[in-house]
Amino acid sequence: MEPISSTDVLIVGAGATGLTLAIELARRGAAFRLIDRLDGPFRGSRGKGIQPRSQEVFEDLGILDRVVAAGGLYPPQRVYRDDGGYEESQGMEPQDPTPGEPYHLALLVPQFLTEAAMRERLAELGSTAELGRELKAFEQDGEGVRARIAGPTGEETVRARYLVGADGGRSVVRDALAIGFPGKTLGVRAVVADVVLEGLSRAAWHRFNSESMAKHMSLCPLAGTDMFQLQAPVPLEGDVDLSAEGLTAMVAGRTGRRDLVIRSVSWASAYTMNARLADRYRDGRVFLAGDAAHVHPPTGGQGLNTSVQDAYNLGWKLAAVLAGAPETLLATYEEERRPIAAATLGLTTKLLDAAKRGDVRRGREVHQLDLGYPESSLAMEKPRRSGGIRAGARAPDAPVRGAAGMPTRLFKLFQGPHWTLLGHGPDRLSAVKPRPGLHIHAVGPRGDIVDEGGHLRAAYDVSPGDWVLVRPDGYIGAIVSSDHAPALEAYLASVGLPSRG
C-alpha cells in the first residue's frame with residue numbers, strides 16, 4: 001500500500017523563502033515538511049544583496065552573525081571610461097547607523113552562502129530539507145491538503161493542514177491553482193554567472209559601458225568566495241554560450257581587454273526580466289510566497305529580501321493558527337504582503353530604467369526599513385495618533401539598560417517567537433495579565449527597563465501610561481493609552497493569546 005504521512009504544513013521549495021518559513025515554524029514547534037525537487041542545494045549567487053531590514057530579520061532568526069561572516073560589504077563601484085580610465089564611487093549613499101536603525105549598509109552575500117546559513121540554523125532546530133522530492137499533484141478540502149510527492153524511493157501521499165508554494169517564478173503550485181500572474185516582460189534579457197576570473201582586482205565592482213545596454217558588463221567580486229558574479233544584457237533571441245570560453249569571449253568583446261580570462265563557471269543562467277504579481281496569495285489552505293507570488297528585475301537587490309519577509313510574515317501566523325488562533329489571522333498575510341510586492345515591482349522597474357541610463361547609485365528606498373503595514377487590520381491605535389510612529393510600522397531598536405544594570409537593546413527583548421508589550425511609566429502588570437507567548441516590560445522608576453539615553457522615548461514618541469505591543473515579526477501591532485488598556489485583551493485574543501484566567 002502506498003505510504004501516507006501527515007504534517008501541519010507542507011512547504012514546496014527549499015530556497016531562501018522555504019527555509020525562512022521552515023525556521024519560523026520549527027522555532028515555534030509546528031510540524032512541517034520542506035521539500036524541493038532539486039537533488040542538491042541551489043549553487044548560484046543570484047540574490048546576493050541582504051538589505052538592512054533583512055539583516056534585522058536574520059538577527060531575530062539567529063543567523064545574522066554567520067551570514068556576515070560568510071560574506072562582506074559591497075566594494076566601491078569602478079566605472080570604466082572608453083579611454084581605459086575609471087572613476088570610483090560608493091554604490092550606496094553612505095549612512096551611519098542610528099540607535100533605532102542599527103544596520104545601514106547592504107551586505108554582499110552569495111545566495112548559496114545565505115541559504116547554507118539557513119540550513120545550518122534549521123538543523124540546530126532539529127529539521128532538514130528533503131531534496132529530490134517533487135510535488136506531482138494536490139487537492140484540498142475544508143480540513144487540509146492531500147499531496148502526491150515523487151521521491152527517490154517512489155511516490156507517497158502527504159496529508160497536510162496547509163500547503164505553501166515557495167517554488168519560484170515558474171511555480172507548480174500557482175499553476176495548479178490557476179492563479180493569474182499578470183504583468184509584463186520588460187524587454188531585457190541578461191546573463192548572470194559565477195566565474196573564476198583572472199586579471200581584475202577584487203577591491204572593486206567593475207562596470208564597463210554602463211550607458212549602453214547592448215555592451216554593458218558588470219563583474220562583482222563575490223565575498224566569501226574566489227569568484228566574480230558576471231552580469232550582462234544579451235539579445236532577446238538566440239543561444240548564449242555560457243561556457244568559460246564563451247563568457248571569456250563576451251568579456252573581451254565588451255571590455256576590449258584580452259588579459260581577462262574566465263577559468264571556470266560554477267553556475268550560469270540566461271533569463272528574461274519580468275515584473276509580475278499573482279492575482280492572489282491564497283486559495284483555501286494553499287498559500288504562495290516569494291517568487292511564486294511576485295517576480296521583478298534584480299535592480300536594487302529586492303528579490304530575496306522581499307521573499308524572506310513574505311515567509312517571516314506568514315510563518316508566525318500559520319504557527320499561531322495551528323496553536324488555536326482564529327483562522328481569520330491568515331487573511332492578513334495577503335492583506336499585508338501583496339501591497340509590499342506591488343510597490344517593489346514599481347521600485348525595481350524604476351531602478352532598471354535608471355540603470356539603462358547608467359545610474360546605478362542606490363539610496364534609502366532599497367533598505368526596506370520604511371516598509372510597514374499601517375493599513376492592516378492588525379494595526380490598532382487607541383486613541384488614534386496624530387503624529388510620531390504609527391501602529392503597523394517597523395518597531396525601532398533602542399539601547400536600554402535592565403533594572404539590574406546590564407545594557408541591552410530592544411531587539412534583544414523582541415528576539416524570539418513571542419509578542420512583546422512595552423509600557424512607558426506604568427506598573428509592568430497593570431495592563432494585561434501574563435500569558436504564554438507574551439513578554440511584558442515596563443520603562444520607568446518601577447519598570448524592569450531603564451531608558452537611560454532617552455532613545456526609546458524618542459523612537460516611540462510615547463507618554464507615561466502608553467503601551468506598545470510589538471508583533472513577533474518586529475512590527476507594531478498596537479499603541480494604546482492607559483485609558484484604553486482593556487482593548488489589548490481583545491486584540492491579544494484575536495491573535496491567539498487570550499488570558500488564561
Side-chain angles (χ1 to χ4, degrees), residues 52-53 55-57 59-60 95-104 364 367-376 378-416 418-434 438-489 491-492 495 497:
R53 176 55 188 157
Q55 293 172 46
E56 296 177 354
V57 172
E59 181 179 7
D60 180 43
Q95 293 178 318
D96 293 328
T98 67
E101 297 177 352
Y103 308 114
H104 257 257
R364 183 181 174 88
H367 288 178
Q368 302 193 336
L369 293 168
D370 298 321
L371 301 180
Y373 313 120
E375 304 302 321
S376 171
L378 292 180
M380 181 178 78
E381 295 176 358
K382 290 186 178 295
R384 184 170 178 82
R385 290 166 65 84
S386 58
I389 198 166
R390 304 293 304 274
R394 163 193 166 276
D397 196 8
V400 294
R401 180 167 55 81
M406 296 302 292
T408 187
R409 299 160 54 215
L410 289 187
F411 277 8
K412 290 302 180 185
L413 302 184
F414 300 160
Q415 187 172 19
H418 56 270
W419 291 72
T420 305
L421 183 61
L422 295 172
H424 188 78
D427 179 81
R428 196 169 64 85
L429 302 181
S430 64
V432 299
K433 295 179 180 179
L438 177 67
H439 292 190
I440 304 173
H441 301 281
V443 183
R446 292 178 293 169
D448 60 318
I449 297 298
V450 179
D451 186 19
E452 201 165 48
H455 297 295
L456 187 155
R457 182 164 188 172
Y460 287 83
D461 191 26
V462 288
S463 302
D466 287 345
W467 293 90
V468 179
L469 182 64
V470 179
R471 299 166 18 161
D473 57 356
Y475 290 88
I476 297 173
I479 306 176
V480 303
S481 69
S482 56
D483 293 340
H484 295 275
L488 287 171
E489 283 291 354
Y491 184 105
L492 290 169
V495 296
L497 297 179

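When reading the values below, keep in mind they use all heavy atoms of this one structure, side chains included, and skip hydrogens, waters and symmetry mates.
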Practice item. State, yes or no, whether a side-chain contact exists between P102 and E56 at a heavy-atom distance under 4.5 Å. Key: yes
Practice item. Mind listing the closest non-hydrogen atom pair of E381 and R385 along with its distance? Key: OE1-N, 3.0 Å
Practice item. Tell me, with the steps shown, if W467 and V462 meet side-chain contact (heavy atoms from CB on, under 4.5 Å). Key: CA-CA 8 Å; W467 293 90; V462 288; over 6 Å; no
Practice item. Enter the distance from E375:CD to R390:CZ here, rounded to the nearest 0.5 Å. Key: 8.5 Å
Exercise for review: Taking the side chain as every heavy atom from C-beta outward, state whether M380 and L469 have any atom pair closer than 4.5 Å.
Suggested key: no
Study note, to complete from the structure: d(S463 OG, H424 NE2) to nearest 0.5 Å is 7.5 Å
Review point. Do Y460 and L410 have side chains that get closer than 4.5 Å, going by heavy atoms?
Key: yes
Check your understanding: Passes side-chain contact (heavy atoms from CB on, under 4.5 Å), H104 versus D96? Steps please.
Key -> CA-CA 6 Å; H104 257 257; D96 293 328; over 6 Å; no
**Study point:** Of D466, D451, V443, the residue whose pairing with R457 passes side-chain contact (heavy atoms from CB on, under 4.5 Å)
**Key:** D451
Check your understanding: Looking at R53, H367, E59, which hits side-chain contact (heavy atoms from CB on, under 4.5 Å) with Y103?
Key -> E59
**Study point:** Nearest non-hydrogen partners of L488 and A478, listed with the distance
**Key:** CD2-CB, 4.3 Å
Practice item. State whether the side chain of D448 and the backbone N or O of G402 hold a donor-acceptor pair below 3.5 Å, judged by distance alone. Key: no
Exercise for review: Please tell me if the side chains of L413 and I449 come closer than 4.5 Å, counting only heavy atoms from C-beta onward.
Suggested key: yes
Study note, to complete from the structure: d(L369 CG, R364 CZ) to nearest 0.5 Å is 5.0 Å
Check your understanding: Which atom names give the shortest non-hydrogen contact between P374 and A379, and what distance separates them?
Key -> O-CB, 3.9 Å
**Study point:** Stepwise side-chain contact (heavy atoms from CB on, under 4.5 Å) check, R394 with Q368
**Key:** CA-CA 10 Å; R394 163 193 166 276; Q368 302 193 336; over 6 Å; no
Exercise for review: Please name the pair of heavy atoms, one in P486 and one in D483, separated by the smallest distance, quoted to 0.1 Å.
Suggested key: CD-O, 4.0 Å
Check your understanding: For the side-chain hydrogen bond (donor to acceptor under 3.5 Å, both in side chains) test, which of R409, K412, H455 pairs with D397?
Key -> R409
Practice item. Check the pair D60 / F414 against side-chain contact (heavy atoms from CB on, under 4.5 Å), numbers first and verdict last. Key: CA-CA 8 Å; D60 180 43; F414 300 160; over 6 Å; no
Review point. What pair of heavy atoms forms the shortest contact from V470 to A395, and how long is it?
Key: CG1-CB, 3.9 Å
Review point. Counting only N and O atoms by type, is there a donor-acceptor contact under 3.5 Å from the side chain of Y373 to the main-chain atoms of I476?
Key: no
Review point. Rounded to the nearest 0.5 Å, how far does CD1 of I440 lie from CG of L421?
Key: 5.5 Å
Review point. Rounded to the nearest 0.5 Å, how far does CG of L438 lie from NZ of K433?
Key: 13.5 Å
Review point. Do Y475 and L378 have side-chain heavy atoms sitting under 4.5 Å apart?
Key: no
Practice item. Could you tell me how the ring of H439 sits relative to the ring of H441: parallel (under 30°), tilted (30 to 60°) or perpendicular (over 60°)? Key: perpendicular
